Amino acid sequence: MRVEANFSKRLAQVRRRMDKAGVNAFLVPSADAFQGEYVPASDRRLTWISGFTGSMGNLLITKRQACLFVDGRYTLQAGKEADPALFTIIPSALQSPAEWVERHLKPGQTLGIDPWLITDNGARTLEEACRKAQASLKLLDGNPIDQIWTDRPAPPVLPVWPHALDYAGESGSAKRGRVAAKLRDKGTDALLITAPESLCWLLNIRGADVPHAPLVRAFALLHRDASVDLFLEPERLKLALDQSVRLIAPDHLIGRLQELGSHHQAIWIDPKQTPLILSEGLKFAGAKITNADDPILLMRACKNPVEIAGARSAHRRDGLALVRFLSGLRAGGRESDAAKAVDAERAKEPLSQGPSFDTIAAFGANGAIVHYRAKPKQDAKLKPGGLFLLDSGGQYLDGTTDVTRTVFIGPGRPTAEMKQRFTLVLKGHIALATAIFPKGTSGGQLDILARQFLWRAGLDYDHGTGHGVGSFLSVHEGPQRISKAGGQAVLEEGMILSIEPGYYKANAYGIRIESLALVVPAPKTKADERDMLAFEILTMVPIDRRLIAPGLLTKSERYWLNAYQQRVRSALRGKLNGAARGWLERATVPL
Ligand SMILES: [Mn+2]
């Protein structure tokens, strides 16, 4: 549905501002300065100027055109939300904004960017595109949209609270000591921290600046002596900071960077994440820059024993909520009611802090739309004979969950095709869940395990097989991934990843089986010559046995399935009663 606003007037106003600033084109990304998946209302510039509400996109405004670049999951949605008379939708797989700039900007023209919103790496790519077009890149002093957005919501100034040691498992000072040692090894004086997940992990703090993840949008500097400059409004802090953490008002960030630069300090930045204004500011002031991956990324990806125990416990509670929901699921209800009901079941569990993303409750053909969101009144009704795909997750103080189950809505029976496709997806899920692999293996190398059975049947799915998950942080966190593209990070003990193969039949149904898995040492055998790793499945929700074609499973696959269902049953049975307990018992009967 189109948001009622005068987008044509807004575009005209931006174009006047562009004229004033002396630029021919202006790039509006969906991201804010923190480059996260979720952005507060105060920073949703792309939505305000175009109406497009998806989580990722870029708008390139010129005198005559406004091109909205979105990825495959958002092309349909962008076409509905952004007025086609004003905006041209361009699938980003076909052309990126930089490719567009290279092809369409004329010699002598200028592309304007807001250097807070574009990363150091992003700016390099755009600069190169401009160079090829004999055009130039201009860093704007002030964002043209902010200048005309009169009813812009205030940025969040919300409390920041401590993440207790009982959940974090390692003190902030121990973490700072470990990271500072890395700085010294690299010969750098300070690390500029611009990823909210890294900041929250390092200082054992949490906040509520964005929906679905307990993040604090703030910048910080970690020095080689393990002290920290934290740029945050003091009134937000609901905890006593360690003496080695200096609280500095956010306005002083640039000044502080200039000071470090003037002392020619060596500063470590992650160019994939750092706003251009900060990296340029440092360079301009005389700092020596070391470009490398954020060292905190890998440290927070490898969970410690306390976080692992928390994850196991959070997943048991999450399983209880899901089983209560699934036991009451019937034909006749609507998708959006189902989404509300599952969120409500999670909210009843101890330590619950809300959903880890917007629940995807998709019936029938809607299940084939990978990032479907049910909207009240426009959503489908669950009918007998169809498939219902539920992808949801929870934030708990002791862990973050993400689970997808596809269930048959009775009465009646699934078609032979549904069962065949479901079983092929399940076989891939099992093949990956039972994989044993040597240390040094990357996620990308394992991706094929989940697809092999679909490929043999001439089928596939167009999304990654697995993503990393934080510990009461973001539900999508790197560096670990299982995917055809970008799965280069090596899998290490303590990492948590999703295993989520699927199959989607357009206009018919969608299937996805997703559990979270912990990377653990593989059981040792005497013959082992190498250290091997394996997965432990954390998710505790039965897999719908009515959708399985048993003849397609091998003996060992059937053994795995029965053992998994049995594990779920023993973990949850004692904490359920009445209908939910009866449902769990029936759902976990061996195949
Ligand atoms: Mn997932």
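Every number for a ligand or one of its atoms is a count from 1 in the order of the listing. These figures come from a predicted structure and were not determined experimentally.
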Task: Salt bridge present between Arg317 and Asp398 (N-O < 4.0 angstrom) - done: yes
Please confirm whether the ring centroid of [X] lies under 6.0 Å from the ring centroid of [Y].
X: His212; Y: Tyr38; value: yes
X: His463; Y: Tyr504; value: yes
X: Phe535; Y: Phe437; value: yes

- [ ] Find, among atoms of Glu500 that are N, O or S, the one nearest to the Mn ion (ligand 1), and state its name.
- [x]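 The Mn ion (ligand 1) is closest to the Glu500 atom OE2, counting only N, O or S.
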Task: For the Mn ion (ligand 1), the closest N/O/S atom belonging to Asp402 - done: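 Going through the N, O and S atoms of Asp402 one by one, OD2 ends up nearest to the Mn ion (ligand 1).
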- [ ] May I ask you to check if any N/O/S atom from Glu514 comes under 2.8 Å of the Mn ion (ligand 1)?
- [x]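 It does: Glu514 brings an N, O or S atom closer than 2.8 Å to the Mn ion (ligand 1).
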- [ ] Flag His476 as yes if one of its N/O/S atoms falls below 2.8 Å of the Mn ion (ligand 1), otherwise no.
- [x]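 His476 does not place any N, O or S atom closer than 2.8 Å to the Mn ion (ligand 1).
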